[in-house]
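See structure below.
Here the structure is a predicted model, which means the values were calculated and not measured. These numbers come from the heavy atoms of this one structure, side chains and all, not from hydrogens, waters or symmetry mates. Each chain gets a letter, A, B and so on, in the order its sequence line appears, and its residues count up from 1.
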Amino acid sequence: MSRLVRPQTLRGFRDVLPAEMSLQNELVRRIRAVYEHYGYVPLDTPVMELLPTLVGSGGDEADAQIFQLLNPEQQTVGLRFDLTVPFARIIAQYTPDPIKLPFRRYHLGPVFRADDPQPEQGRFRQFTQVDIDVAGTESIAADAEIVAVMVDAFAALELPRGDDGPPFYLRVNNRKLVDAFLAGVGIVDPERCAHVLRVLDKSDRITDRQLAEELREGRYDRSGDFIPGVGLTGGVVDALLDFVAVTGATRAEVVAALAGHLAPSELSEAALAEATELTAHLEALGVAEESARFDPSLARGLAYYTGTVYEGTLAGGGVGSVVGGGRYDGLVSRFLDEAVPMVGASIGLDRLVTGLRNLDVDLGTGADRVQVLVLVMPGVDAAVSSGIAAKLRAEGIGAELYVGKDQGKVGRQLSYANSLGYRAAVMVGRKELEADQVTVKDLRAGSEQRADIADRETYRKAGQTGQISCAREQLPAAVRGLLDDGDAGR
RNA sequence: GCCGGGAUAGCUCAGUGGUAGAGCACCUGAUUGUGGAUCAGGUGGCACGGGUUCAAUUCCCGUUCCCGGUACCA
């Protein structure tokens with residue numbers, strides 16, 4: 001029995017090590033630039049909220065996914081499970097002053113769900129969302145703008161185009177269309193409508209036959225569990241499946257075709273009007289048809305969406321959706337008597353990273369890491385090297401001082417620099433001190449020039465390959481010249 | 001949540017009712033202030049708790065975690 005504490009992460013949680021964190025930083029930098037370009041402003045909120053803020057009016061299952069804890073005052077608090085609910089609270093709490101509507105904000109931060117984690121598929125109990133939302137407008141222009149922002153944000157990632165389509169695309173729908181269809185066949189019970197939407201939401205994961213079975217009486221899954229069905233009858237199921245299978249060459253064509261499947265009603269007309277207006281705005285915004293398709297089967301089974309819904313996919317990423325969102329006009333009414341309409345979308349950063357890794361995408365990150373190691377030479381006070389490093393930094397050149405063991409062993413230090421891929425090593429030993437010089441070693445050139453040497457002795461004798469000595473005051477210029485040269489070669 | 005499978009070195013994996021191995025990684029060395037490759041040597045492990053047994057890493061039960069499926073997902 002060991003007295004040591006075993007180092008481990010909590011189930012469903014993970015550490016993000018430097019290689020991935022660099023990538024995340026780069027992704028966020030690009031995404032944020034696009035968000036800001038559209039006029040979204042930054043906002044942050046605490047990861048914890050009082051439980052009543054988070055707990056919805058309906059759904060014990062939803063509440064079960066909230067991490068709960070006690071604060072020192074013995075109040076039950078919960079970790080936020082998305083950034084949307086805190087945004088609704090912000091709107092309720094800070095309008096009309098200091099926040100004026102309409103209000104666009106972006107928000108990046110961790111959210112928590114006490115789910116069954118599936119790390120390989122990018123499902124964790126803590127994950128990072130990068131949200132944008134607009135509060136205080138019913139205009140469909142806002143719904144369309146969210147789509148355009150997402151398409152632009154992913155364009156900024158400069159992903160390689162696939163063989164059969166764009167690397168990223170959104171599916172877009174309006175839940176009022178399905179609602180209108182269901183109302184047309186006499187289904188108006190919200191519970192049943194929600195169930196239908198949940199089943200339709202699986203349409204890309206299960207076969208048409210399984211879909212039909214779940215809409216009827218239910219089916220047995222592979223493990224033998226029974227999945228209860230909606231209980232619709234044959235004719236309605238067929239009509240519904242026809243409805244959600246409608247396709248077309250353009251978004252406008254899909255919407256026009258859907259009109260033919262809807263029984264005339266006020267609801268149908270409103271739904272079609274919204275969908276038509278959305279396609280017009282997308283067109284005006286220059287959103288390519290292949291980047292945002294209209295898909296009547298998209299449901300996003302979640303209860304609080306009231307109109308437009310979106311889902312974004314990384315083609316070939318193997319992680320499901322990386323973007324989700326839609327219009328939710330009822331959320332603020334939990335906090336305020338008046339309704340504040342909202343629409344927004346969220347990028348799942350962890351899934352995006354996983355997807356990019358599956359696609360072998362290289363965003364050329366690592367620019368945030370220093371390229372220069374200052375060695376501590378034998379017989380020379382380490383403070384000399386500290387001073388050299390400080391000089392470089394003062395000139396705007398990132399530099400790391402060697403602080404590992406065996407200071408003074410040049411080979412060990414160069415080996416360290418080599419294993420981390422540094423570009424240059426700076427040496428000030430006794431020889432340099434006497435001549436008031438510094439030595440700058442180009443690690444890449446040295447490596448290339450000695451690559452074919454198989455004999456150990458010869459290799460060692462060629463050790464000084466790629467290095468130059470110069471006057472001390474010329475050090476920054478010498479290092480900079482080497483680094484610039486390296487960037488050009490990348 | 002439910003069904004099934006798994007857990008052996010830092011990593012990927014072999015293997016056994018009598019306390020275990022490989023490859024890679026890591027460390028040391030191959031004379032002085034020079035990286036890589038090579039060569040020689042070395043460190044390091046049977047998830048946790050209980051049971052059966054003369055003896056358990058191996059068989060059984062439980063726990064935790066991981067994987068696959070399924071359900072759910074604001």
Side-chain angles (χ1 to χ4, degrees), chain A residues 1-2 6-13 53-66 78 80-88 111 113-121 123 125 129 198-199 201-202 205-206 210 214 219-228 300-305 320-321 324-326 328 330-331 334 346 373 375-380 405-406 408-422 425 427-432 439 441-467:
Chain A
M1 261 256 280
S2 172
R6 185 211 310 254
Q8 57 183 347
T9 42
L10 239 40
R11 172 173 160 80
F13 289 73
T53 302
L54 300 174
V55 174
S57 47
D60 293 338
E61 283 188 29
D63 302 350
Q65 283 193 24
I66 300 175
R80 63 187 180 200
F81 52 77
D82 71 5
L83 301 177
T84 308
V85 170
F87 183 51
V111 302
R113 295 183 195 178
D115 248 356
D116 185 25
Q118 281 165 11
E120 292 294 310
Q121 290 157 46
R123 267 175 69 149
R125 287 181 170 176
Q129 294 195 324
R198 275 203 305 277
V199 174
D201 197 43
K202 303 180 189 178
R205 298 195 296 273
I206 62 178
Q210 290 172 325
E214 281 200 43
R219 68 181 174 95
Y220 289 91
D221 69 20
R222 209 177 309 179
S223 70
D225 276 3
F226 181 70
I227 303 169
R300 289 199 60 74
L302 312 181
Y304 70 37
Y305 290 117
S321 60
Y328 46 101
L331 204 47
R334 186 184 310 167
S346 176
L373 182 72
L375 271 51
V376 177
M377 300 299 280
V380 175
K405 64 174 181 174
D406 286 338
K409 276 198 176 179
V410 175
R412 171 183 281 281
Q413 298 182 59
L414 286 173
S415 180
Y416 169 81
N418 195 54
S419 67
L420 292 179
Y422 286 177
M427 296 177 268
V428 179
R430 271 200 286 244
K431 281 187 297 197
E432 285 85 359
T439 296
K441 187 179 187 70
D442 181 340
L443 292 170
R444 192 181 303 169
S447 173
E448 284 165 5
Q449 288 166 29
R450 297 197 295 172
D452 295 331
I453 300 175
D455 174 64
R456 179 180 148 75
E457 284 308 310
T458 315
Y459 186 84
R460 283 171 67 92
K461 278 179 186 150
Q464 297 191 8
T465 308
Q467 67 191 52

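With hydrogens and angles ignored, no donor-acceptor pair under 3.5 angstrom links the side chain of A:Q413 to the base of B:rU34.
Within the structure, every side-chain polar atom (N or O) of A:S415 is placed at least 4.0 Å from both OP1 and OP2 of B:rU34. Close to B:rC73, at under 4.0 Å from its OP1 or OP2, lies a side-chain N or O of A:R198. Between A:R456 and B:rA37 there is no side-chain N or O to OP1 or OP2 distance below 4.0 Å. OP1 or OP2 of B:rU32 has at least one side-chain nitrogen or oxygen of A:R460 nearer than 4.0 Å.
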Under the rule of Watson-Crick or G-U wobble with both distances under 3.5 Å, where | means paired to another strand and [ ] a crossing pair, RNA chain B maps to (((((((..((((....[..)))).(((((.......)))))....(((((..]....))))))))))))....
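Comparing B:rA71, B:rG36, B:rG33 by their closest approach to the side chain of A:E214 singles out B:rA71. The side chain of A:K441 approaches B:rU34 more closely than any other nucleotide in the set B:rU34, B:rG33, B:rC65. Picking from B:rG33, B:rC65, B:rC27 the nucleotide with the shortest atom distance to the side chain of A:K405 gives B:rC27. Among the nucleotides B:rU34, B:rC73, B:rA71, the one closest to any side-chain atom of A:Q65 is B:rC73.
In this structure, the NZ atom of A:K409 is 12 Å from the C1' atom of B:rU31, given to the nearest Å. Rounded to an integer number of Å, the gap from NZ of A:K461 to P of B:rU31 is 11 Å. The CG-P distance, from A:L414 to B:rU34, rounds to 9 Å in whole Å. For the pair A:D82 CG and B:rC73 C1', the computed distance is 11 Å after rounding to whole Å. Rounded to an integer number of Å, the gap from NZ of A:K202 to C1' of B:rU70 is 9 Å. Rounding to whole angstrom units, CD1 of residue A:I453 and C1' of B:rA37 are separated by 11 Å.
Both A:A451 and A:F13 sit near RNA chain B, but only A:A451 has its closest nucleotide nearer the 5' end.
Side chains of A:T439 and A:Q467: a donor-acceptor N/O pair is absent below 3.5 angstrom, by distance only.
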